[in-house]
Asks: 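The structure under discussion is supplied below as structure tokens; questions concerning it will follow.
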Amino acid sequence: MIDVPIDFETYWDKNYQLSKMTTAEYVLDPRFEIIGVALRTPDGVDRWVSGDIEHVRGELLRLVPDWSAVRVVAHNARFEAAILEWRLQIKPGAYMCTMVGSRPHILPYTRSVSLEAIARHLGVGTKGDYVHKVQGKHRADFTPAELDDYGNYSKNDEKITARISTYLLGILPTDEQEYLDLTIKKFARPRLRLDRAALVARQTQIETSKAALAKLVESRYKATLKDIRSRPKFAAILAQFGVQAPLKPNKKGTGMTFAFAKDDLAFKELLAHEKPEVRELVAAKNAMSSTLEESRVKRLIALHDIKDGWLPIPVVYYGCHPGRLSGDDEINMQNLPRVEIKNGVKKGHLRYAVVAPEGYSIIAADFSNIEARIVATLAGEIALREGFRSGADIYSSFATQIYHRPINKKDDPLERFVGKTCILGLGYGMGWRKFQLKMRQEGIEMSDATAQAIVSLYRATYPGIPILWRALEEMARTFLLKKDAMYPSPLAGLIFAHQRIILPNGMPLVYPGLRHTGGGYKFDSRFAGVEVMNSIWGGTWLENISQALARIIAVQAELRLARRALPAAHQVHDELIWVVPTAIVERVKTAIALSMCEAVDFLPELPIAVEIKHGPTYGDAK
DNA sequence: GTGCGGGGCGCG
DNA sequence: AAAGCGCGCCCCGCAC
């Protein structure tokens with residue numbers, strides 16, 4: 001595979017530009033026009049090709065005879081991939097993106113992955129600003145000399161990209177390079193489709209119910225849905241019925257704010273208020289609080305219409321601190337509402353609109369409670385670990401200890417739920433106050449003493465877990481705070497070094513600017529200035545590490561299967577999604593199960609279990 | 001009009 | 001503090 005760095009320059013103006021629309025919308029827009037493209041051809045020459053789309057395509061095919069043997073290198077490769085594949089019908093063998101490839105090691109220190117910021121950080125050149133001079137300029141508007149200048153600017157960007165790539169490829173393990181490529185292809189080569197009729201039907205349902213709500217609110221309360229949405233206006237409406245709006249401390253702890261969230265207990269209580277008007281208003285507020293489905297259905301219909309029904313999935317490699325993917329391009333395909341019935345309301349309609357093409361089925365495979373299993377294994381809690389391995393009902397077992405009587409899934413769903421929350425939540429150090437609150441929000445009342453007792457019972461039952469929190473703090477104090485420190489720990493091959501934990505796949509979990517202050521450990525936030533800090537302690541570290549290890553395990557499985565001709569269409573953290581011919585679904589499910597359950601090299605004792613389902617739609621595969 | 005912070009909600 | 005954590009997008013209100 002030979003690397004070909006490439007940089008497209010395309011028409012843009014005030015309203016038509018990438019920063020104001022999604023990649024798919026921009027590239028497939030009628031206004032789309034290639035001004036030119038800079039690339040380094042396999043003979044090592046940097047070139048600039050300019051002309052109409054047929055000319056560009058012809059030249060790219062002439063200069064690079066075998067694109068299947070090429071890895072395209074670009075800064076924001078999702079953009080270059082969309083142009084190459086959707087506009088020029090050119091399919092390279094692989095992609096390398098310097099923008100997302102910079103996220104694991106460099107972003108923690110630059111807080112920006114712009115070509116300019118990364119180039120400055122690495123000292124590999126300075127980006128020009130010619131692109132800002134060409135707003136609203138079509139190719140035909142350029143004089144030959146201007147086009148030449150633009151070509152030189154573009155070649156400079158391409159060369160900088162090439163240097164950044166050389167650096168990154170030197171530090172990114174080959175598995176990660178291959179995985180990064182798969183994330184670009186999830187977008188460029190969609191395998192899932194959208195069911196337009198299902199989307200429109202759902203949209204109509206939503207519109208109808210909103211219209212009915214608007215009518216009701218207007219006739220009874222002389223208010224609009226906008227008034228309901230506004231916190232101060234809603235408070236004023238409540239006051240008309242003698243209800244003082246519930247308050248809670250704001251997030252910064254600098255004052256009070258209205259407690260109008262669906263899980264705020266004081267707000268929830270109003271759902272049982274003696275006045276039917278109050279109950280109705282609170283229900284209306286709740287209905288107006290989530291617009292996810294409404295806006296998402298719009299976005300999906302638009303996507304359906306610009307890409308012939310295909311669903312390109314924009315995911316960001318290393319979008320999250322511990323390495324997981326994040327969403328992008330105005331759509332987060334990792335938070336579609338689940339298929340379930342909550343408070344008597346059916347959810348998950350959008351998942352039924354994500355479908356397999358004719359003759360194909362969707363397979364969704366989940367790692368079962370992978371993080372809790374990792375925690376048990378890292379902490380050396382052998383009984384817990386082996387309980388998971390044997391398929392025992394862990395949640396019921398712990399609930400049995402809480403309630404001093406045998407609990408089982410069928411007869412004691414509530415008690416088992418308490419046990420489940422403990423096993424999944426208390427491992428990261430949740431305190432009894434938050435535990436009690438969480439339980440209350442689920443409708444389970446619990447005294448202070450009971451909540452304290454349950455949290456203590458958890459820590460006493462699995463003492464290795466609190467010990468692990470302590471050990472992580474000790475290793476942080478000894479190694480993460482010290483320059484040039486390097487401790488290869490016995491924990492899953494984790495190496496503790498200055499401001500970072502090196503994971504068993506060689507990738508870092510970075511804590512930039514980590515320091516110990518009076519209030520504990522803090523590190524610079526990725527999302528704001530240095531003055532904004534994230535706090536961290538043993539429980540947080542265990543959470544970050546477990547999530548990072550779970551991510552590596554999922555990626556290893558995804559790569560194994562991709563190499564066996566089963567590239568995943570989508571991934572949601574611990575869930576992998578494939579689209580396969582319906583005729584071979586059962587065989588493929590077996591192959592997937594075997595591969596996903598393969599022992600993990602850096603944690604051989606980890607018991608793995610998967611849950612695999614399939615159906616014609618994503619909703620059915622749950 | 002645009003950008004930004006806060007509160008909120010969805011998923012894992 | 002023996003403290004669950006990780007994201008992206010939405011809307012509102014407000015500053016400029």
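The chains referred to below are lettered A, B, ... by the order of the sequence lines, with proteins before strands, and numbering in each begins at 1. Remember, predicted model here, so these are calculated numbers, not experimental data.
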Asks: Show the numbers, then the answer: is there a side-chain hydrogen bond (donor to acceptor under 3.5 Å, both in side chains) between Ser19(A) and Gln17(A)?
Replies: CA-CA 6 Å; Ser19(A) 61; Gln17(A) 50 179 277; 2.8 Å; yes
Asks: Can you name the ring pair (Phe, Tyr, Trp, His ring centres under 6.0 Å) partners of Tyr428(A), sequence neighbours left out?
Replies: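 Tyr428(A) satisfies ring pair (Phe, Tyr, Trp, His ring centres under 6.0 Å) with no residue once adjacent residues are dropped.
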Asks: How many whole angstroms separate atom CD1 of Ile465(A) from atom C1' of dA3(C)?
Replies: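 So the CD1-C1' distance, Ile465(A) to dA3(C), works out to 16 Å.
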Asks: Could you tell me whether the phosphate oxygens of dC11(B), OP1 or OP2, come under 4.0 Å of any side-chain nitrogen or oxygen in Lys347(A)?
Replies: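 Lys347(A) to dC11(B) OP1/OP2: side-chain N or O found under 4.0 Å.
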Asks: Have a look at Leu311(A) and tell me which of Arg191(A), Met333(A), Lys186(A), His570(A) forms a side chain to side chain contact (heavy atoms under 4.5 Å, CB included) with it.
Replies: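 Answer to the side chain to side chain contact (heavy atoms under 4.5 Å, CB included) test with Leu311(A) among Arg191(A), Met333(A), Lys186(A), His570(A): Met333(A).
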Asks: dA2(C), dG8(B), dC11(B): which one has an atom nearest the side-chain heavy atoms of Pro337(A)?
Replies: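 Nearest to the side chain of Pro337(A) among the choices is dC11(B).
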Asks: Go through the structure and list residues passing salt bridge (Lys or Arg N to Asp or Glu O under 4.0 Å) with Glu442(A), not counting sequence neighbours.
Replies: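 Salt bridge (Lys or Arg N to Asp or Glu O under 4.0 Å) check on Glu442(A) returns nothing, list empty.
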Asks: How would you label the contact of Phe435(A) with the nucleic acid (heavy atoms, under 4.0 Å): base, sugar-phosphate, or nothing?
Replies: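 Here Phe435(A) touches no strand at all.
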Asks: Parallel, tilted or perpendicular: which one describes the rings of Phe260(A) and Phe258(A), with boundaries at 30° and 60°?
Replies: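 The rings of Phe260(A) and Phe258(A) lie parallel, inter-plane angle below 30°.
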Asks: So that I know where these two stand, are Tyr511(A) and His321(A) an aromatic pair - ring centroids less than 6.0 Å apart?
Replies: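 Under 6.0 Å, so yes.
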Asks: Give the residues of residues 537-549 of chain A touching DNA chain C, defined as any heavy atom closer than 4.0 Å, sorted by residue number.
Replies: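 Heavy-atom cutoff 4.0 Å gives Trp537(A), Thr540(A), Glu543(A), Asn544(A), Gln547(A).
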Asks: Check side chain to side chain donor-acceptor pair (under 3.5 Å) between Asp227(A) and all other residues, then give those that pass, not counting sequence neighbours.
Replies: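 Side chain to side chain donor-acceptor pair (under 3.5 Å) list for Asp227(A), sorted by chain: Thr224(A).
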Asks: Just to verify, which of Asn76(A), Asp328(A), Asp329(A) counts as forming a side chain to side chain donor-acceptor pair (under 3.5 Å) with Thr23(A)?
Replies: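 Of the listed options, the one satisfying the test is Asp329(A).
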Asks: Mind calculating the distance between CG (Leu426(A)) and P (dA1(C)) to the nearest angstrom?
Replies: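 Between P of dA1(C) and CG of Leu426(A): 21 Å.
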Asks: Take atom CD1 of Ile313(A) and atom P of dC7(C), then tell me their distance rounded to the nearest Å.
Replies: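 Roughly 21 Å, once rounded to whole Å.
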Asks: May I have the distance from Lys434(A) (atom NZ) to dA1(C) (atom C1'), rounded to whole angstrom?
Replies: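 Going from Lys434(A) (NZ) to dA1(C) (C1'), I get 11 Å.
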Asks: Check this for me: does any side-chain nitrogen of one of Lys307(A) and Glu25(A) sit under 4.0 Å from a carboxylate oxygen of the other?
Replies: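 No salt bridge links Lys307(A) with Glu25(A).
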Asks: Output yes when Arg296(A) and Glu293(A) qualify as a salt bridge under the 4.0 Å nitrogen-oxygen rule, no when they do not.
Replies: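 No.
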Asks: Calculate the interatomic distance between Ile577(A) atom CD1 and dC11(B) atom C1'; express it in whole Å.
Replies: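 Checked: the CD1 to C1' distance equals 12 Å.
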Asks: Select base, sugar-phosphate, or nothing to describe what Leu336(A) touches, counting heavy atoms under 4.0 Å on all strands.
Replies: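 Sugar-phosphate, no base atom in range.
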Asks: Please report, rounded to the nearest Å, how far the P atom of dC5(C) is from the NZ atom of Lys438(A).
Replies: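 After rounding, the reported distance stands at 11 Å.
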Asks: If you check the Arg470(A) side chain, which of dA2(C), dG6(C), dG7(B) turns out closest?
Replies: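 Closest nucleotide to the Arg470(A) side chain: dA2(C).
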Asks: Taking atom C1' of dC5(C) as reference, at what distance in whole Å does atom CZ of Phe523(A) sit?
Replies: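 These atoms are roughly 10 Å apart.
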Asks: Among dG7(B), dC9(B), dG6(C), which nucleotide sits nearest the side chain of Lys251(A)?
Replies: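 Ranking dG7(B), dC9(B), dG6(C) by closest atom to the Lys251(A) side chain puts dG7(B) first.
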Asks: Take atom NZ in Lys226(A); do more than 12 heavy atoms of anything else shown fall under 6.0 Å from it?
Replies: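 Open: at most 12 neighbouring heavy atoms sit under 6.0 Å from NZ of Lys226(A).
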Asks: Would you write out the dot-bracket form of DNA chain C, 5' to 3', with Watson-Crick and G-U pairs under 3.5 Å, [ ] for crossing pairs, | for pairs to other strands and . for unpaired bases?
Replies: ....||||||||||||
Asks: Does dG8(B) have its OP1 or OP2 closer than 4.0 Å to a side-chain nitrogen or oxygen of Lys248(A)?
Replies: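 Checking Lys248(A) against dG8(B): at least one side-chain N or O falls below 4.0 Å of OP1 or OP2.
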Asks: Could you report the tightest heavy-atom contact between Leu491(A) and Leu378(A), atom names first, then the distance?
Replies: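 Heavy atoms only, the tightest pair is CD2-O, 3.6 Å.
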Asks: Using a 4.0 Å cut-off on protein heavy atoms (strictly under), produce a 5'-to-3' string for nucleotides 9-16 of chain C with B for base contact, S for backbone-only sugar-phosphate contact, and - for none.
Replies: SSSSS---
Asks: Report the nucleotide, chosen from dC9(B), dA2(C), dG7(B), that has the shortest atom-to-atom distance to any side-chain atom of Asn250(A).
Replies: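 Closest of the options to the side chain of Asn250(A): dG7(B).
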Asks: From the set dG8(B), dA2(C), dG10(B), return the single nucleotide nearest to any side-chain atom of Lys262(A).
Replies: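 Taking heavy atoms from C-beta onward, the closest nucleotide is dG10(B).
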Asks: Just the rounded figure in Å: distance from P of dA2(C) to CD1 of Ile536(A).
Replies: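 Atom-to-atom, Ile536(A) to dA2(C), this comes out as 15 Å.
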